[in-house]
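A quick write-up on the structure given underneath.
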Amino acid sequence: MASELNNPSQRLVENLASKLRRRQVVGSRQAALETVLVLRQVVSKARFSKFEQLVEIIRSAGRRLVEAQPKEHSVGNTVRKVLHHIREEYHTATKGRASASTRNAFSISKFVLQGQPRKQNVLTKTDEKGTIKENDPDDPDSFARGLKPVLMEAIQDVLDELETVYDNVSKNARDHIHSDEIILTIGKSKTVEAFLKSAAHHRNYTVIVAETGPSYSGHEMAQSLSSAGISTFLVPDSSIYALMSRVNKVILGAHAVLANGGMFAITGSLLAATAARAHSTPVVVCAGQFKLTPLWNLYHEYGALDFADPSNVLGFEEGGLVDKVDVINPYYDYVHPELVDAFITNDGDHPPSSIYRLIKETYDDEDHDL
Amino acid sequence: MSSPANPYPSSQVLAPNGEASGSKPQPTISKAEQSRQRRAVQEQQRAAKAAAKTAPNVPGPSRPRSGSKLPPAPSTPKKSGAGPSKTQKDSKDAGSLAGDEFTGKSRGLRIFSHFGLPKPVSHVGKGDIHPAIVRLGLQFSEFKISGANARCIATLIAFKTVIQDYITPPNNTLSRHLMTHLSPQITHLVSARPMSVTMGNAIRQLKLEISGSDIDLPEQDAKDVLCHKIDHYIRDRIIIADQVIQEIAGSKIKDGDVILTYARSSVVEKVLLRAFSDEKSFSVIVVDSRPMLEGKKLLSVLSSAGISCSYLLLPAIGSVITEVSTVFVGAHSLHSNGAVFSRAGTALVAMMAKQHSVPVVVCCETYKYSEGVQLDSFTKNELAPSSDLLSSYPLTRPRETLNLKGQPNLEILNPLYDLTPPTSITAVVTEVGVIPPSSISSIPFALGRQTL
């Protein structure tokens with residue numbers, strides 16, 4: 001019955017799924033935003049009489065989207081985050097004061113066992129009855145009617161976080177960049193762009209942008225930064241090592257931050273981070289927390305096994321060459337945690353070793369596999 | 001340094017054109033008046049140029065001054081307003097075509113300012129420049145001839161022509177005077193592109209031969225002897241050396257190997273072709289990067305020879321480095337501390353290979369050895385011209401989106417070389433054997449030199 005009634009939202013899900021598959025929606029923030037919007041529709045249209053039903057509806061929509069584009073990790077992250085928020089709201093709504101006191105109690109043991117108390121709560125929740133009744137036989141919709149406003153609020157929170165992510169990442173920019181510093185960045189990351197521009201209000205510094213083939217997105221980045229009044233140098237990728245000895249800090253963007261503190265980032269990040277390590281230059285990654293992904297890199301040791309159009313590397317203008325030659329054009333590099341010094345997120349700065357704790361706090365354990 | 005002065009000479013040339021197009025919608029003004037205004041504009045530009053020339057060494061103050069000179073131009077009757085603004089833009093284009101981006105005055109300018117600016121080579125050199133040298137200078141500056149070996153061989157061959165065409169003036173001897181005749185030629189070549197270590201070594205050897213040539217020898221014989229010496233140098237130090245290197249390096253390639261190489265080195269190319277003709281079965285990964293994208297040429301040579309090749313850009317190297325058995329790269333010069341100066345990007349490739357315990361083999365003739373110690377790629381480097389000369393943009397993107405010229409605060413920097421530290425090199429293959437980088441300083445002894 002549920003699937004029948006969910007038809008309009010089902011269409012929305014399918015719509016986004018096909019957009020993701022065709023890479024019409026690219027970029028982790030874009031994908032996350034679209035996902036929240038679809039989930040909001042799904043929740044507002046959903047009909048359920050039990051909380052588990054709602055969770056299952058969201059999960060199935062999430063599963064559909066994740067399967068459409070498994071490399072766009074922020075989709076799954078957003079679904080997990082929405083589920084987490086919704087559960088939290090549900091617990092406060094159903095349990096009232098009794099559970100609130102246990103949930104808000106901060107203790108060392110809770111800190112250590114992050115994620116565990118929540119599971120116990122899920123098990124015990126059926127015993128307690130709050131203001132909202134589940135499975136009311138007289139009025140099956142009353143539960144949904146009562147819960148939906150708080151759920152909408154929870155989803156709105158996720159949306160707000162996504163919308164303010166750049167501002168929040170860059171609010172402490174000036175603490176990270178001192179005057180007359182030379183920063184190296186590669187490609188074009190909107191987070192890094194916002195971060196650098198925000199720092200430029202307070203500090204006078206130089207940015208070296210590596211153009212990052214084959215997308216050459218560094219050109220756009222250089223254009224954008226220089227038009228914001230930052231002294232910018234555009235260099236080819238090959239000169240990263242040559243210039244690294246004069247670089248004070250490497251600032252990179254991320255595509256997804258993994259549970260071990262490593263990350264997937266645009267191709268070339270591994271190169272830049274390794275060169276920085278060779279020169280003992282700190283590597284700072286700017287990323288919103290929606291990029292935190294409860295995954296380990298199981299695909300491939302050095303990449304995400306996601307490949308782009310080879311014609312950007314070796315075009316058809318090369319004629320006969322195209323037939324005989326394998327052209328490799330991966331989207332992402334895997335940068336392991338040892339190469340990263342700090343993550344600057346919209347919620348504070350963290351070393352790679354804290355990412356695991358952050359992920360435990362942000363998502364519920366049972367959602368790791370959607 | 002030439003940036004403040006440069007735009008104005010070209011704007012003078014362009015001014016009449018800009019004027020002519022600007023005057024069309026205003027037919028009421030007489031021709032005499034037009035020419036008077038044109039003269040006025042030119043006068044102003046000349047004054048601006050003079051002002052810029054008086055202070056060529058301080059770009060900071062000279063810029064505002066030339067800027068303050070410009071505003072009066074639009075104040076002349078309105079039709080000429082279109083003229084100067086257009087010429088200003090044109091002249092900027094002309095300036096950047098010459099490879100001169102250093103119009104900004106940011107702090108970055110200062111730390112990068114010691115990189116030699118690529119400057120347009122003059123077709124007519126100062127003094128008595130041999131036409132062969134003039135031609136060679138153009139080929140160098142346009143990168144028609146690039147690569148340490150090619151440039152050295154081309155220089156030596158051109159010098160042979162110069163020596164043959166040289167006539168010792170009366171009351172002088174060849175051994176004393178020829179060098180004074182050659183030095184302006186060398187200066188001309190250096191003005192086209194900074195001298196490579198190989199050229200320096202070859203020229204030093206040539207000077208030695210010239211000063212040592214027998215005074216009693218008839219002039220033609222002495223010239224012939226010198227030309228023979230040059231031929232022998234090319235044969236012994238480059239061609240035979242390459243053959244020895246091909247043999248030694250080829251022995252390091254085994255069946256089933258995956259060889260990675262970066263950009264295009266003539267020696268590595270020969271090594272791979274030789275190994276393939278020796279019926280070794282291996283595959284090659286060619287890594288490439290802007291600004292030169294030379295790897296494409298290597299790729300076409302190798303793949304047309306039948307070697308199975310993969311091609312990727314430098315940022316993607318992390319994805320393939322684990323599959324590689326050996327990295328072969330060429331060199332521009334070897335330094336006595338074991339560092340290898342080579343095409344920009346080589347250091348990154350070597351670093352990644354070293355990280356994954358892949359041996360890095362540098363193929364390099366001993367005549368590329370340089371006594372000096374170099375510590376990083378920053379102190380001495382060369383900039384590639386950023387113009388389209390190298391035509392290395394992918395055609396899938398419109399070229400305009402990748403051409404960022406004349407933007408305020410934005411400078412484009414294309415270093416041509418970088419320095420691979422000895423720690424990321426496994427061995428250097430030379431014609432005197434396979435040498436670990438720590439022992440590169442022993443090369444002069446291997447060549448038979450007795451003292452330091």
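Every chain is numbered from 1 and lettered A, B, ... according to where its sequence line falls, protein lines coming before strand lines.
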- Task: Look at atom CZ of A:R203 and say whether more than 12 heavy atoms of other residues, nucleotides or ligands are closer to it than 6.0 Å.
- Result: yes

- Message: According to side-chain contact (heavy atoms from CB on, under 4.5 Å), who are the partners of A:A275, at least two apart in sequence or on a separate chain?
- Response: A:I240, A:Y241, A:M244, B:L348, B:M351

- Task: Identify the two heavy atoms, one from B:P315 and one from A:T267, that lie closest to each other, and give their separation to 0.1 Å.
- Result: O-CG2, 3.2 Å

- Query: If you count heavy-atom pairs under 4.5 Å between each of B:A316, B:G306, B:S424 and chain A, which one has the most?
  - Reply: B:A316

- Heavy-atom pair with the smallest gap, counting every atom of B:D376 and A:R246: OD2-NH1, 2.9 Å

- Task: Tell me, for A:I208 versus chain B, whether the close heavy atoms (under 4.5 Å) come from the side chain, the backbone, both or neither.
- Result: side chain

- Message: To the nearest 0.5 Å, what is the distance between CD on B:E411 and OG on A:S226?
- Response: 10.0 Å

- Task: Kindly indicate whether the side chain of B:L313, heavy atoms from C-beta on, has any atom under 4.5 Å from the side chain of A:D237.
- Result: no

- Item | Pairs involving residues 268-288 of chain A, ordered by first then second residue, that meet side-chain hydrogen bond (donor to acceptor under 3.5 Å, both in side chains) (sequence neighbours left out) | A:R277-A:D341

- Going from OH on B:Y417 to OG on A:S238, what distance comes out if it is rounded to the nearest 0.5 angstrom? 12.0 Å

- Message: With chain B as the partner, which of A:D323, A:I328, A:I266 has the greatest number of non-hydrogen pairs under 4.5 Å?
- Response: A:I328

- Item | Contact winner vs chain B - A:D326, A:L314, A:V235, heavy-atom pairs under 4.5 Å | A:D326

- Nearest heavy-atom pair of A:L271 and B:I317: which atoms, and what distance? CD1-CG2, 3.5 Å

- Item | Check: B:L299 and A:K324 side chains under 4.5 Å, non-hydrogen atoms | no

- Task: Please check if atom NZ in B:K354 has more than 12 non-hydrogen atoms from other residues, nucleotides or ligands closer than 6.0 Å.
- Result: yes

- Got a sec: does the CZ of A:F307 have more than 12 other heavy atoms crowding it under 6.0 Å? yes

- B:D418 side, atom CG; A:S239 side, atom OG - distance, nearest 0.5 Å: 8.5 Å

- Query: Which of the residues A:L243, A:V207, A:L225 is involved in the greatest number of heavy-atom pairs with chain B at under 4.5 angstrom?
  - Reply: A:L243

- Message: Could you measure the distance from the CG atom of B:L410 to the CD1 atom of A:I230? Nearest 0.5 Å is fine.
- Response: 11.5 Å

- Query: With a cut-off of 6.0 Å (strictly less than), are more than 12 heavy atoms of other residues, nucleotides or ligands near NZ of B:K380?
  - Reply: no

- Task: Report the residue from B:S310, B:S303, B:S308, B:S300 that forms a side chain to side chain contact (heavy atoms under 4.5 Å, CB included) with A:V325.
- Result: B:S303

- Message: How long is the straight-line distance from CG of B:L413 back to OG1 of A:T232, given to the nearest 0.5 Å?
- Response: 12.5 Å

- Let me know if B:S304 has heavy atoms under 4.5 Å from chain A in its side chain, its backbone, both or neither. both

